[in-house]
Amino acid sequence: MRRGRPGAPPRGTAERTLTSVGTGEDAVREEQGAERPGAAQQAPEGGRREASRLWHITLSVSGAKAPLSEVRRALEQLAHDHPFLLTSRYATDHAEIRYWEEARDLHDAAAVALRLWGEHRSTAKLPPWEIVGLEVIDRETYHQRLAEGYGPPPASPVGVHPF
C-alpha cells in the first residue's frame, strides 16, 4: 500500500515514498535466512528496491483528561482499524501504544508511526492528545534488550489495558 499524496513529492524527500507493507512476506524470508535486513530485492517492475524490515514502535500520547471509558473505547477502535497493534496502556490523560511496523528503514517507520494518531483521530474518535514520545527500534535490538533484561517486557497480554 502506498502512503502519501499524489503528485510531486514534498521538498527534500528526493525519491522517498513512504510505504507500509502488509503481507509480511519479507519478514518470513528474513526469518528463513534468505535475505539480510536492508538488502536490495528485485522489485516487481524489474527495478531494485530495498527490503523492508520489522520495527518495534512505542508511541506515547498525552493531553487533557478524558473519561476512561471513552479512552478505552477509542483505543479498542484503533486496534480494530490498525490490526498490527500489539498493546495499548491508557489513563485519563495519557496512553502508550506498542506495535510492529514493516518499513524500508527507520525514517519510514517513524514517519508512519507519527501519522498514526492523527490519521485515526476522527475514525476511532481518539482524544485530541498530542504525541509526546516515540521510540522506533529494529527487531534485533528489541530482542537483544529483552535477552539482557532491559526494555519493556513482550507485549502480553495483547490488547487494551489501563496503566
Side-chain angles (χ1 to χ4, degrees), residues 1-7 9-13 16-28 30-31 37 52-163:
M1 170 170 81
R2 180 181 172 158
R3 293 189 182 189
R5 295 189 174 130
R11 286 180 34 185
T13 59
R16 296 179 74 93
T17 301
L18 296 178
T19 58
S20 180
V21 182
T23 65
E25 293 174 8
D26 293 329
V28 170
E30 184 178 318
E31 278 291 315
S52 60
R53 297 166 53 186
L54 286 176
W55 301 89
H56 186 266
I57 310 291
T58 303
L59 184 69
S60 300
V61 294
S62 180
K65 288 188 176 188
L68 213 52
S69 60
E70 289 182 24
V71 174
R72 179 180 181 87
R73 187 220 36 82
L75 289 173
E76 287 174 344
Q77 183 62 47
L78 177 63
H80 181 267
D81 294 348
H82 195 289
F84 301 109
L85 193 73
L86 287 177
T87 187
S88 296
R89 299 187 305 164
Y90 64 94
T92 59
D93 62 349
H94 66 282
E96 178 185 271
I97 301 163
R98 295 174 56 202
Y99 67 99
W100 289 96
E101 180 69 54
E102 191 169 351
R104 181 176 43 218
D105 57 26
L106 181 135
H107 298 284
D108 287 355
V112 171
L114 288 170
R115 290 196 323 258
L116 176 73
W117 193 259
E119 286 182 352
H120 291 276
R121 182 173 286 153
S122 62
T123 58
K125 295 185 175 71
L126 296 167
W129 296 343
E130 66 176 331
I131 296 171
V132 296
L134 173 65
E135 180 184 54
V136 180
I137 57 174
D138 68 353
R139 184 174 170 186
E140 182 180 321
T141 302
Y142 175 80
H143 288 294
Q144 181 180 5
R145 283 186 183 179
L146 291 181
E148 294 174 354
Y150 300 107
S156 135
V158 173
V160 178
H161 308 281
F163 270 105

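Everything numeric here is computed off the predicted structure, so don't read it as measured data.
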Can you measure from [atom1] ([X]) to [atom2] ([Y]) and round to the nearest 0.5 angstrom?
| X | Y | atom1 | atom2 | result |
| --- | --- | --- | --- | --- |
| T87 | I97 | OG1 | CD1 | 10.0 Å |
| T123 | H80 | OG1 | NE2 | 11.0 Å |
| R115 | I131 | CZ | CD1 | 11.0 Å |
| S60 | E130 | OG | CD | 11.5 Å |
| E101 | L59 | CD | CG | 11.5 Å |
| I137 | H143 | CD1 | NE2 | 9.0 Å |

What residues form a side chain to side chain contact (heavy atoms under 4.5 Å, CB included) with A110, not counting sequence neighbours?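 Counting only residues at least two positions away or on another chain, A110 forms a side chain to side chain contact (heavy atoms under 4.5 Å, CB included) with L134, V136.
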For P67, enumerate each residue passing the side chain to side chain contact (heavy atoms under 4.5 Å, CB included) test, keeping only those at least two apart in sequence or located in another chain.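 Listed in chain order: S69, E70.
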Closest contact, heavy atoms only, [X] versus [Y]:
| X | Y | value |
| --- | --- | --- |
| K125 | A74 | O-CB, 3.4 Å |
| A66 | W129 | CB-CZ2, 4.2 Å |
| L68 | A91 | CD1-C, 3.6 Å |

Results of side-chain hydrogen bond (donor to acceptor under 3.5 Å, both in side chains) for Q144 - residues two or more places apart only: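 side-chain hydrogen bond (donor to acceptor under 3.5 Å, both in side chains) check on Q144 returns E148.
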All side-chain hydrogen bond (donor to acceptor under 3.5 Å, both in side chains) counterparts of T92, not counting sequence neighbours: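 For T92 there are no side-chain hydrogen bond (donor to acceptor under 3.5 Å, both in side chains) partners, ignoring immediate neighbours.
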Can you run down the salt bridge (Lys or Arg N to Asp or Glu O under 4.0 Å) pairs that involve residues 73-95, sequence neighbours left out, and say none if there aren't any?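 Every salt bridge (Lys or Arg N to Asp or Glu O under 4.0 Å) pair that includes a residue of residues 73-95, provided the two are not neighbours, is R72-E76, R89-E96.
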Test ring-ring contact (aromatic ring centres under 6.0 Å, His included) applied to Y99 - qualifying residues, sequence neighbours left out: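 Counting only residues at least two positions away or on another chain, Y99 forms a ring-ring contact (aromatic ring centres under 6.0 Å, His included) with H82.
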Could you tell me which residues satisfy ring-ring contact (aromatic ring centres under 6.0 Å, His included) with W100, sequence neighbours excluded, listed by chain and number?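 Testing W100 for ring-ring contact (aromatic ring centres under 6.0 Å, His included), a comparison that skips the adjacent residues, returns H56, Y142.
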Just so I know, are the side chains of [X] and [Y] near enough to count as touching, which here means a heavy-atom distance under 4.5 Å?
| X | Y | value |
| --- | --- | --- |
| V132 | H94 | no |
| L116 | L78 | yes |
| P128 | W117 | no |
| V112 | W55 | no |

